[in-house]
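In what follows, residues are counted from 1 in the order of the sequence shown. What you see is a predicted model, and the numbers here were worked out from it, not measured in a lab.
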Amino acid sequence: MIRGKGDKIFEGVCIALAVLLAILCLYPLLYTFGVSIVSEAEWAGRNGILILFPTHPTFVAYQKIFGVGSYVLKALGVSLLRAVVGTVTSVVINALVGYILSRDNFPGKQIYIYFLLFTIFFSGGLIPNYLVNKELNLLNNFWVMILPNIVSAWNILIFKQFFLGLPKEVEEAAIIDGIGELGLFLRIVLPLSTPVVASIGLFTMVGHWNSWFDVMIYIDQAHSQLWTLQYYIMINFNNLSQVDSTVIDINAGGSVNQLTTRMALTIVGFVPILCIYPFFQKFFKDGVYMGAVKG
């Protein structure tokens, strides 16, 4: 295919816009990392102006954050545990319910779907949710971050619609071969549903990782060992870097100001979840291709 001059110009403009967008997205992240490794002396020498990276980087702020007995490290562990347990349980339950609702022979299927739609538009509210969790003895408990978030009506409906779009011939052939309903779900339906499982799993994990409001409501200061990283960052953002009122001094060398420690804490807060995205990229691509073929 011979491309004309107009096609080449259009392609060049698209590439330039893509590069510009990438720079706009990446620069704040790189700048945040640069500030997190700048020393107090260099920051003062630059009058608080840093283009990207410091000339003499220092990791004193990270040494402070991950020092012996660091609450940040404990909170990071709680966040990782919450993200993994919450994602696995939620995806499993929602996929099972979505599969059941996608079966034609499930009695009262339409009524259940209406109930799910109702919960999407209307919520019980904060106080009823708090009272329910209190009656279930979930306050100041790790599972208060997991159990109330297991069922997602939206995710169930997404699973249902995806399962409805799977080839019926494959399921019929498996049934003829004598496979049971559970085997059909585990050995046939789930392997064909990898894109939607990965997508919902990723979004669920990000939701758990970023969540802090439920921790604030359901877990008090006496049980701070259950605080997640995001909540700990929020309530301590102005206090983590205080030794005198402005500068942290570490025996390992160098000194950093409060802003540097805040930026280091910001990096710690988003890098773990950011590293997961590349592993899910191919599943998103497969999902787009599958949708195109079905269309």
Side-chain angles (χ1 to χ4, degrees), residues 76-103 106 109 112-113 115-121 123 129 132-133 136 138 141-167 170-171 174 179-215 218 226 228-230 270-291 294:
L76 178 61
V78 174
S79 288
L80 289 173
L81 182 62
R82 172 182 180 168
V84 172
V85 175
T87 300
V88 172
T89 54
S90 181
V91 169
V92 169
I93 296 298
N94 292 330
L96 281 170
V97 177
Y99 174 73
I100 293 172
L101 293 179
S102 68
R103 303 296 91 183
F106 180 67
K109 177 177 70 174
Y112 287 104
I113 293 176
F115 278 132
L116 289 175
L117 290 173
F118 182 85
T119 62
I120 291 176
F121 293 108
S123 171
N129 286 333
V132 169
N133 287 319
L136 294 175
L138 289 177
N141 190 311
F142 173 77
W143 291 102
V144 77
M145 298 181 283
I146 306 297
L147 296 180
N149 300 308
I150 283 184
V151 177
S152 168
W154 182 259
N155 289 342
I156 288 174
L157 294 177
I158 292 177
F159 273 121
K160 169 186 170 293
Q161 289 303 119
F162 191 91
F163 294 152
L164 286 174
L166 294 177
V170 177
E171 296 184 20
I179 192 171
E181 199 69 48
L182 182 60
L184 179 64
F185 174 70
L186 295 176
R187 296 167 57 185
I188 305 298
V189 174
L190 276 186
L192 292 175
S193 307
T194 304
V196 69
V197 171
S199 300
I200 291 180
L202 176 61
F203 295 139
T204 303
M205 183 175 293
V206 171
H208 275 289
W209 181 265
N210 290 331
S211 181
W212 59 268
F213 186 74
D214 53 353
V215 180
Y218 301 127
L226 295 176
T228 59
L229 180 62
Q230 302 300 336
F270 75 77
V271 164
I273 199 68
L274 186 66
C275 293
I276 295 177
Y277 277 91
F279 297 100
F280 286 83
Q281 183 63 36
K282 79 181 191 71
F283 296 114
F284 291 135
K285 180 187 67 176
D286 293 343
V288 171
Y289 288 161
M290 184 175 293
K294 288 180 181 179

Under a 4.5 Å cut-off applied to non-hydrogen side-chain atoms, are [X] and [Y] in contact?
| X | Y | answer |
| --- | --- | --- |
| Ile146 | Trp143 | yes |
| Leu166 | Val170 | no |
| Leu138 | Tyr218 | no |
| Phe159 | Val197 | yes |
| Leu80 | Trp209 | yes |
| Leu229 | Trp212 | no |
| Met145 | Val78 | yes |
| Val97 | Val151 | no |

Fill in: Partners meeting side-chain contact (heavy atoms from CB on, under 4.5 Å) with Ser211 (sequence neighbours left out)
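Ser211 satisfies side-chain contact (heavy atoms from CB on, under 4.5 Å) with Arg82, Asp214 once adjacent residues are dropped.
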Determine the minimum heavy-atom distance between [X] and [Y], stating which atoms define it.
| X | Y | result |
| --- | --- | --- |
| Phe163 | Ala95 | CE1-O, 3.4 Å |
| Arg103 | Glu171 | NH1-OE1, 2.8 Å |
| Ser79 | Gln230 | OG-N, 4.3 Å |
| Leu116 | Ala153 | O-CB, 3.5 Å |
| Ile179 | Ala174 | CG2-O, 2.8 Å |
| Asn133 | Pro148 | OD1-CG, 3.6 Å |

Quick check: does any side chain N or O of [X] sit under 3.5 Å from a backbone N or O of [Y], one acting as donor and the other as acceptor?
| X | Y | answer |
| --- | --- | --- |
| Asn94 | Ser152 | yes |
| Ser90 | Thr87 | no |
| Asn155 | Ile200 | no |
| Ser102 | Tyr99 | yes |

Nearest 0.5 Å please: distance from the [atom1] atom of [X] over to the [atom2] atom of [Y].
| X | Y | atom1 | atom2 | result |
| --- | --- | --- | --- | --- |
| Leu96 | Leu182 | CG | CG | 8.0 Å |
| Phe185 | Ser193 | CZ | OG | 8.0 Å |
| Leu81 | Leu76 | CG | CG | 11.5 Å |
| Leu192 | Thr194 | CG | OG1 | 7.5 Å |

Worksheet item: Stepwise, does the side-chain contact (heavy atoms from CB on, under 4.5 Å) test hold for Leu157 with Leu117?
Response: CA-CA 9 Å; Leu157 294 177; Leu117 290 173; 3.6 Å; yes
Practice prompt. Would you indicate whether Phe106, at its atom CZ, is surrounded by more than 12 heavy atoms from other residues, nucleotides or ligands within a distance under 6.0 Å?
Written response: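 Result for CZ/Phe106: enclosed.
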Worksheet item: With a cut-off of 6.0 Å (strictly less than), are more than 12 heavy atoms of other residues, nucleotides or ligands near OH of Tyr112?
Response: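 It does not: Tyr112 OH has 12 such atoms or fewer within range.
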